[in-house]
Amino acid sequence: MEAASHHLTRVISHGMGTEPVISDWPALTSAEVARVLQHYPDAGRPQRLEWHSPRPFSAACVMHTDAGEIFIKRHHVRVRDVAALAEEHRFVEHLYGNGLPVSTALRTAEGASALADEHWTYEVFRLAPGVDLYRDAMSWTPFSSGAHAHSAGRMLARLHQAAQGFDAPARAARPLISSFTIFSQEDAVRPLQAYIEQRPAIADYLAERPWRGEVAQHLLPFHDKLKPYLDEMVPLWTHNDWHASNLLWSDATPQAQAHTVLDFGLSNRTCALFDLATAIERNVIEWLSIPHREEQLIHLDLLDAMLDGYGSLLPLSARRLQALAALLPLVHAEFALAELDYFHGVTHSQQNAALAYDAYFLGHAAWFNTPEGQRLLAHLHRRADALK
């Protein structure tokens with residue numbers, strides 16, 4: 001956070017709960033954006049700053065230029081450096097080459113897809129076509145219609161088709177990147193230990209926690225149920241943040257179709273079922289309502305619509321649906337640790353670090369032992385049984 005003093009203005013952003021918070025990062029200014037765009041010959045000359053993003057982990061805005069509207073995103077270098085953004089941009093370019101509607105990063109005059117400047121790293125895009133229908137939606141809020149869920153599921157299948165042939169290795173250890181390196185193994189304990197050792201901030205946070213016993217209690221029983229299906233976890237580069245707010249839509253109606261895919265910041269080499277399980281977790285379960293109620297937290301109609309949309313292009317066998325049910329309680333675990341790395345090691349928020357560990361890493365898995373969690377898993381098994 002050492003560069004925060006360079007910019008005093010902060011925006012209201014999405015927090016970790018239902019209430020808006022002051023952003024972690026200072027807002028982009030017109031002067032700052034103008035300085036950055038000087039390095040991008042295709043971006044045009046800045047005219048007016050249109051909008052600041054409420055997303056919490058970076059700063060972003062839309063700048064109107066004489067070449068059109070440009071989207072600029074700024075990261076702290078400890079979160080993303082040029083090399084890290086280049087990993088994401090290469091994947092996006094592969095998807096674009098295979099026909100997926102995505103927005104590729106603009107290049108600097110030197111041909112780079114990202115720009116380093118002091119403590120910041122920037123990426124720049126043309127504003128992608130489509131309606132930002134879920135612009136103000138918090139993470140873990142559901143689709144607003146079954147048609148949206150169906151279209152999002154079908155678009156996710158298109159992404160998995162387009163990702164074929166992209167064989168880059170898994171990304172290096174960084175904050176705020178999804179991965180599937182722990183519970184994809186027969187023995188999860190050793191890779192979990194390695195994951196922690198590679199991230200000093202996590203190791204520091206867990207030094208006073210009985211984390212081995214907590215993992216054994218809350219996560220390893222689900223891992224035992226996943227082990228018979230590990231052969232279904234075929235490695236594939238995936239999106240890993242499939243939420244309605246990361247799609248642009250054809251229009252603003254309940255029948256709108258997914259039009260453009262956004263935000264590959266969590267993309268990595270995982271597998272298709274991991275991506276699909278993440279989509280279920282992000283769009284079907286009302287996690288933010290759990291402190292207020294225990295029932296009616298899941299939307300099985302939206303789940304069915306999304307799976308039907310996905311299956312219209314990539315049919316899901318009974319065994320893959322069973323594997324999906326086994327994976328779902330664990331799908332958020334590694335990203336919760338990546339959030340812990342960010343909150344403890346970068347922003348130094350002890351409140352959010354505790355939330356990442358207790359509520360997300362342990363709590364999301366534990367929730368699947370509740371009646372609502374069991375109801376969701378049972379529904380997936382019924383879908384599987386119907387195909388036998």
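In this text, all values refer to a predicted model and were calculated from it rather than measured experimentally.
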Novice: What I want to check is whether the side chains of Tyr357 and Glu339 have a donor and an acceptor closer together than 3.5 Å.
Specialist: no
Novice: When hydrophobic residues are tied together by side-chain contacts of less than 4.5 Å, even through go-betweens, does Leu226 share a cluster with Leu276?
Specialist: yes
Novice: When rounded to the nearest 0.5 angstrom, what distance separates CD1 in Ile280 from CG in Leu302?
Specialist: 11.5 Å
Novice: Counting heavy atoms not belonging to Phe166, are there more than 12 under 6.0 Å from its CZ?
Specialist: yes
Novice: Is Leu230 reachable from Leu328 through a run of I, L, V, M, F, W or Y residues, each pair having side-chain heavy atoms under 4.5 Å apart?
Specialist: yes
Novice: Return yes if some donor-acceptor pair links the side-chain N/O of Glu334 with the main-chain N/O of Ile182 below 3.5 Å, else return no.
Specialist: yes
Novice: State, to 0.1 Å, how close Ala152 and Leu247 come at their nearest heavy-atom pair, and which atoms those are.
Specialist: CB-CD1, 3.8 Å
Novice: Ala27 and Glu32: which non-hydrogen atoms are nearest, and at how many Å?
Specialist: O-OE1, 4.1 Å
Novice: Tell me if the aromatic rings of His348 and Phe343 count as close, with their centers under 6.0 Å from one another.
Specialist: no
Novice: Please check if the number of heavy atoms outside Arg375 that lie under 6.0 Å from its CZ is greater than 12.
Specialist: yes
Novice: Check for me whether the distance between the ring centres of Tyr360 and Trp140 falls short of 6.0 Å.
Specialist: yes
Novice: For the atom pair CG (Asn268) and OG (Ser179), what is the distance rounded to the nearest 0.5 Å?
Specialist: 6.5 Å
Novice: Would you say that Glu88 contacts Arg80 through its side chain, given a criterion of any heavy-atom pair below 4.5 Å between the two side chains?
Specialist: yes
Novice: Can you confirm whether His223 sits close enough to Glu186 that some side-chain heavy atom of one is under 4.5 Å from a side-chain heavy atom of the other?
Specialist: no
Novice: Is any side-chain heavy atom of Leu100 less than 4.5 Å from a side-chain heavy atom of Arg158?
Specialist: yes
Novice: At their closest point, which heavy atom of Gly146 faces which heavy atom of Ala305, and how far apart are they?
Specialist: O-CB, 3.5 Å
Novice: Keeping Glu197 on the side-chain end and Tyr195 on the backbone end, is there a donor-acceptor pair under 3.5 Å?
Specialist: no
Novice: At what distance, to the nearest 0.5 angstrom, does CD1 of Ile298 lie from CD of Glu295?
Specialist: 11.0 Å
Novice: Heavy-atom distance under 4.5 Å between the side chains of Arg269 and Leu236, does that happen here?
Specialist: no
Novice: Quiz question: by atom type and distance under 3.5 Å, do the side chains of His381 and Asp385 form a donor-acceptor pair?
Specialist: no
Novice: Just wondering, do Thr121 and Leu115 contact through their side chains at under 4.5 Å, heavy atoms?
Specialist: no
Novice: Taking only residues two or more places apart in sequence, or in another chain, which ones meet Tyr342 in a side-chain hydrogen bond (donor to acceptor under 3.5 Å, both in side chains)?
Specialist: Asp24, Trp25
Novice: Check whether Ser113 reaches the backbone of His89 with its side chain - one donor and one acceptor, N or O, closer than 3.5 Å.
Specialist: no
Novice: Applying ring-ring contact (aromatic ring centres under 6.0 Å, His included) as the test, list every pair that has at least one member in residues 254-273; sequence neighbours left out.
Specialist: Phe91-Phe264, His239-Phe264
Novice: Determine whether a donor-acceptor pair (N or O, by modelled atom type, separation under 3.5 Å) exists between the side chain of Asp81 and the backbone of Ala83.
Specialist: yes
Novice: Taking the side chain from Arg78 and the backbone from Gly345, do they hold a donor-acceptor pair closer than 3.5 Å?
Specialist: yes
Novice: Side-chain heavy atoms under 4.5 angstrom apart, residues restricted to Ile, Leu, Val, Met, Phe, Trp, Tyr: same cluster for Leu219 and Leu273?
Specialist: yes
Novice: Using every non-hydrogen atom in the two residues, find where Ala326 and Tyr229 come nearest and quote the distance to one decimal.
Specialist: CB-CD1, 4.0 Å
Novice: In terms of side-chain heavy atoms, does Ser144 have a donor or acceptor partner in Tyr134 at a distance below 3.5 Å?
Specialist: yes
Novice: Answer yes or no: is there a donor N or O on one side and an acceptor on the other, between the side chain of His148 and the main chain of Thr253, under 3.5 Å?
Specialist: yes
Novice: Is there a side-chain contact between Leu324 and Leu307 (heavy atoms, below 4.5 Å)?
Specialist: yes
Novice: When Phe180 is tested against each of Leu327, Val331, Asp275, Leu330 for side-chain contact (heavy atoms from CB on, under 4.5 Å), which residue passes?
Specialist: Leu327
Novice: Just by distance, no angles: are the side chains of Gln193 and Arg212 close enough, under 3.5 Å, to form a donor-acceptor pair?
Specialist: yes
Novice: Test your reading of the model: is there a side-chain donor-acceptor pair from Ser151 to the backbone of Ala258, 3.5 Å cut-off?
Specialist: yes
Novice: Would you call Arg382-Asp304 a salt bridge at under 4.0 Å N-O?
Specialist: no
Novice: Between His299 and Glu286, do the side chains contain a donor N or O and an acceptor N or O under 3.5 Å apart?
Specialist: yes
Novice: Please identify each residue that fulfils side-chain hydrogen bond (donor to acceptor under 3.5 Å, both in side chains) with Ser312, with sequence neighbours left out.
Specialist: Arg154
Novice: Could you check whether Asp42 pairs with Arg107 (Lys NZ or Arg NE/NH1/NH2 to Asp/Glu carboxylate O, under 4.0 Å)?
Specialist: no
Novice: Looking only at atom types and distance, does a side-chain atom of Arg171 sit under 3.5 Å from a main-chain N or O of Ser267, one as donor and one as acceptor?
Specialist: yes
Novice: Taking side-chain hydrogen bond (donor to acceptor under 3.5 Å, both in side chains) as the test, write out the residues that go with His75, two or more places apart.
Specialist: Glu123
Novice: Could you tell me which residues satisfy side-chain hydrogen bond (donor to acceptor under 3.5 Å, both in side chains) with Asp308, sequence neighbours excluded, listed by chain and number?
Specialist: Arg383
Novice: Nearest 0.5 Å please: distance from the CG atom of Asn283 over to the CG atom of Leu303.
Specialist: 10.5 Å
Novice: Nearest heavy-atom pair of Cys271 and Met233: which atoms, and what distance?
Specialist: SG-SD, 3.7 Å
Novice: Using atom types as modelled and distance alone, determine if a side-chain donor or acceptor of Thr238 lies under 3.5 Å from a backbone N or O of Asn240.
Specialist: no
Novice: Is a side-chain donor-acceptor pair under 3.5 Å present for His39 with Glu110?
Specialist: no
Novice: Partners of Asp132 by side chain to side chain contact (heavy atoms under 4.5 Å, CB included), sequence neighbours excluded?
Specialist: Arg135, Leu248
Novice: Would you indicate whether the side-chain heavy atoms of Phe368 and Ile285 approach each other to under 4.5 Å?
Specialist: yes
Novice: What distance separates Leu340 CG from Ile196 CD1, expressed to the nearest 0.5 Å?
Specialist: 9.0 Å
Novice: Rounded to the nearest 0.5 Å, how far apart are OG of Ser184 and CZ of Phe274?
Specialist: 9.5 Å
Novice: Would you find a donor on one side and an acceptor on the other, under 3.5 Å apart, between the side chain of Ser145 and the backbone of Pro254?
Specialist: yes
Novice: With a 4.5 Å heavy-atom cut-off, do His243 and Thr141 have their side chains touching?
Specialist: yes
Novice: Aromatic contact between Tyr310 and His160, with the criterion being ring centroids under 6.0 Å apart: yes or no?
Specialist: yes
Novice: Mind checking whether Leu376 and Ile290 sit in one hydrophobic cluster, side chains of I, L, V, M, F, W, Y counted as touching below 4.5 Å?
Specialist: yes
Novice: Please tell me whether Leu28 and Val62 are part of a single hydrophobic cluster in this structure, the criterion being side-chain heavy atoms less than 4.5 Å apart.
Specialist: no
Novice: Tell me the closest heavy-atom pair linking Glu372 and Leu297, and the distance in Å.
Specialist: OE2-N, 2.7 Å
